[in-house]
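Each chain gets a letter, A, B and so on, in the order the sequences are listed, and its residues count up from 1.
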Number of protein chains: 2
Amino acid sequence: MAKTTRSSERSSQRRVDALTRERIVEAAIDLLDSQGEGGLTFRALAARLETGHGAIQWHIANKNELLQAAADAVISSAVTGVADGVTPPERIRGIALAVFDAIDAHPWVGTELSREPWQPAVLRIFEGVGGQLHALGVPQGARFDAASTLLNFILGLAGQYAAGARLIGHATDRQAFLADLAARWSDLDPARYPFAHQVAPQLRDHDDREQFLAGVDLILAGMTAPGYPGGGVPCPIRPAEGTTKTPDASAVNTPSA
Amino acid sequence: MAKTTRSSERSSQRRVDALTRERIVEAAIDLLDSQGEGGLTFRALAARLETGHGAIQWHIANKNELLQAAADAVISSAVTGVADGVTPPERIRGIALAVFDAIDAHPWVGTELSREPWQPAVLRIFEGVGGQLHALGVPQGARFDAASTLLNFILGLAGQYAAGARLIGHATDRQAFLADLAARWSDLDPARYPFAHQVAPQLRDHDDREQFLAGVDLILAGMTAPGYPGGGVPCPIRPAEGTTKTPDASAVNTPSA
DNA sequence: ACCTGAACACCGTTCAAGT
DNA sequence: ACCTGAACACCGTTCAAGT
């Protein structure tokens, strides 16, 4: 063992705070959390890591790569923590809520997710929800569309929620922000905006997290509804006992043709 | 009439190409369409309008306001063109597709919609879909959540689709882009990413517009599914005859308490 | 009221030069 | 291989000064 760790020994003989990709991403997350989305610049990052900004760009090519790496670190740890061994709809809800809570804690993640398609973090979410559709009873031909629907809903909320957080500071300001927005909706011409005018009171008092979960449930309900492909089968939101076990990879990958 | 048009006569006596908010927004849209999202700068706009960039910022305070105005102009004209007098689900589909097509023609609109919550353009979409929910049979208490779900789905796709368009040039490149992405999904470790690995072929051949419509239909199906509030009532996607007329504003605004 | 253009305070990225 | 720091080519925004 002493022999095999030669290279890691050598790296540990450098300055303890050697500049690594990992440390850069970590510092970027700290900076984004504490200073907001505008707070991440190569110069600020360089100051925090006590180096030049050119040094950072030797490890990470550009800002896009840095943001994707930071978002993936947050989403990866959020999705990994979701309880396993529950029913498929429960797992989908769990993943969705984990993403929501991650964005709530790190609003810049929401901006980043909705900014770049199919970045690693987005793929994780797609896989997380898509992997449950087989066990949920959605037929092979409809799974891609169904997963895409859930993903786009999650990303849509991610963007909106992040934008809201960007606008207001946090928590307490939210009440005032919603009250102000609800007042503006209430003042809208009922002839031109009857719906917005009508739901203004609900806007003021609603809980984003609950509304998000309601959206997930609505889409889950649609997947098993009569009229949707694969819907109408004797499989309500909760699958029949005995089918809740997550199928192994080989079963999932059985070609459908 | 000659007397009442005095002020408009006076303004028409100015240079024909007087700098107005309208002309600025129009030029901004042209610039965004032709040069892409990065093409809109106050300097480029000033050059095109043959003035200084300070002059523009006298009419429009900042870039955010300019982008919102441009997006609203596009969405407004798109939503206005949707056929009236059809069934509620048909109208929701029509509005959703109008938004999709507008983003397809002006990808920067997708970026802008997903960037800022409750800007005028977003409110138009929200009203457009939300206004159909009553006639669709969604009970009062569930309408806000339902409209929000549809809206977030649309905005999620808006952001992703715009990001895709930002990445690739247009049309023909799309085939290559999807083929490349599908190949990468296919190469993913089936043990870690079974779902993405499995749907890779579908990703390569899918049509974004059809998938978008499938998502709208899935959510519509959920609204009338058993298990969802108001679902299970004898009201399939198409409401019973005689209830399809859009209720007038006073009926819609009846307080529910 | 409307427009000008210089000045300010930033950005991300590049790159020759060092160790 | 890894890091430095100056230089480049931009931004949006502000603002005293004009007409």
Side-chain angles (χ1 to χ4, degrees), chain A residues 6-28 31-32 35-71 108 111-112 115-116 119 166-167, chain B residues 6-28 31-32 35-71 108 111-112 115-116 119 166-167:
Chain A
R6 177 97 81 85
S7 72
S8 71
E9 269 181 331
R10 201 193 267 151
S11 69
S12 68
Q13 279 166 8
R14 294 188 198 158
R15 305 190 296 138
V16 261
D17 55 350
L19 200 56
T20 63
R21 196 186 151 91
E22 207 169 49
R23 274 192 69 227
I24 294 172
V25 171
E26 198 179 308
L31 216 44
L32 286 161
Q35 312 287 341
E37 297 181 10
L40 179 63
T41 68
F42 280 106
R43 283 166 177 81
L45 202 53
R48 174 176 269 246
L49 292 168
E50 292 176 321
T51 180
H53 57 266
I56 291 168
Q57 289 195 274
W58 193 89
H59 288 94
I60 289 184
N62 52 44
K63 196 170 181 180
N64 193 34
E65 188 183 326
L66 181 56
L67 281 167
Q68 289 199 15
W108 52 270
T111 306
E112 175 56 18
R115 207 183 62 83
E116 189 86 8
Q119 60 178 297
R166 205 186 303 138
L167 226 64
Chain B
R6 175 96 82 88
S7 70
S8 70
E9 270 181 330
R10 201 193 267 152
S11 68
S12 68
Q13 280 166 5
R14 295 188 197 160
R15 305 188 297 136
V16 259
D17 55 349
L19 200 56
T20 63
R21 195 187 152 91
E22 209 168 49
R23 275 192 69 227
I24 294 172
V25 170
E26 199 178 307
L31 217 44
L32 286 161
Q35 312 287 341
E37 296 181 9
L40 180 63
T41 67
F42 280 105
R43 284 166 178 81
L45 203 51
R48 174 176 268 245
L49 291 169
E50 292 175 323
T51 179
H53 58 264
I56 291 168
Q57 290 197 273
W58 193 90
H59 287 94
I60 289 185
N62 51 45
K63 196 171 180 178
N64 192 35
E65 188 183 326
L66 180 57
L67 280 167
Q68 289 199 15
W108 53 270
T111 306
E112 175 57 19
R115 207 184 61 84
E116 189 88 6
Q119 60 178 298
R166 203 185 305 137
L167 227 63

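Applying the Watson-Crick and G-U wobble criteria (two distances, each under 3.5 Å), dC8(D) pairs with dG12(C). For dT19(D), the paired base is dA1(C) (Watson-Crick or G-U wobble, both distances below 3.5 Å).
Projected onto DNA chain D by closest heavy-atom contact, G54(B) and G52(A) fall at different nucleotides, the more 5' of which corresponds to G52(A).
The distance from atom CG of L45(A) to atom P of dT13(C) is 13 Å, rounded to the nearest whole Å. Distance, I56(A) CD1 to dG12(C) C1': 12 Å, rounded to whole Å. One can place CD of E37(B) at 19 Å from P of dC10(D), the figure rounded to the nearest angstrom.
Atom CG of L67(B) is separated from atom CD of E116(B) by 9.5 Å, given to the nearest 0.5 angstrom. To the nearest 0.5 Å, the span separating CD on Q57(B) from NZ on K63(B) amounts to 10.5 Å. Interatomic distance, L49(B) CG to H59(B) NE2, rounded to the nearest 0.5 Å: 10.5 Å. Atom CD1 of I24(B) and atom CG of L19(B) lie 4.0 Å apart (nearest 0.5 Å).
H59(A) comes within 4.0 angstrom of the backbone, heavy atoms only, and of no base. L40(B) comes within 4.0 angstrom of sugar-phosphate atoms only, judged by non-hydrogen atoms across all strands, and of no base.
Distance check on atom C1': dA9(C) versus dC10(D) gives 13 Å, rounded to whole Å.
The side chain of N62(B) has dT13(D) as its nearest neighbour among dC11(C), dC2(C), dT13(D). For Q57(B), the side-chain atoms get nearest to dT14(D) when compared with the rest of dC2(D), dT14(D), dG12(D). Taking only side-chain atoms of T41(B), from C-beta outward, the nucleotide of dC3(C), dC3(D), dG12(D) with the closest atom is dG12(D). Here the side chain of R43(B) is nearest to one of dC3(D), dC11(D), dC11(C), namely dC11(D). Comparing dC2(C), dG12(D), dG12(C) against the side chain of K63(A) picks out dG12(C) as the nearest. Checking dT13(D), dT14(C), dG12(C) against the side-chain heavy atoms of H53(A) singles out dT14(C) as nearest.
A salt bridge does not link R48(B) with E26(B): none of the charged nitrogens is closer than 4.0 Å to a carboxylate oxygen.
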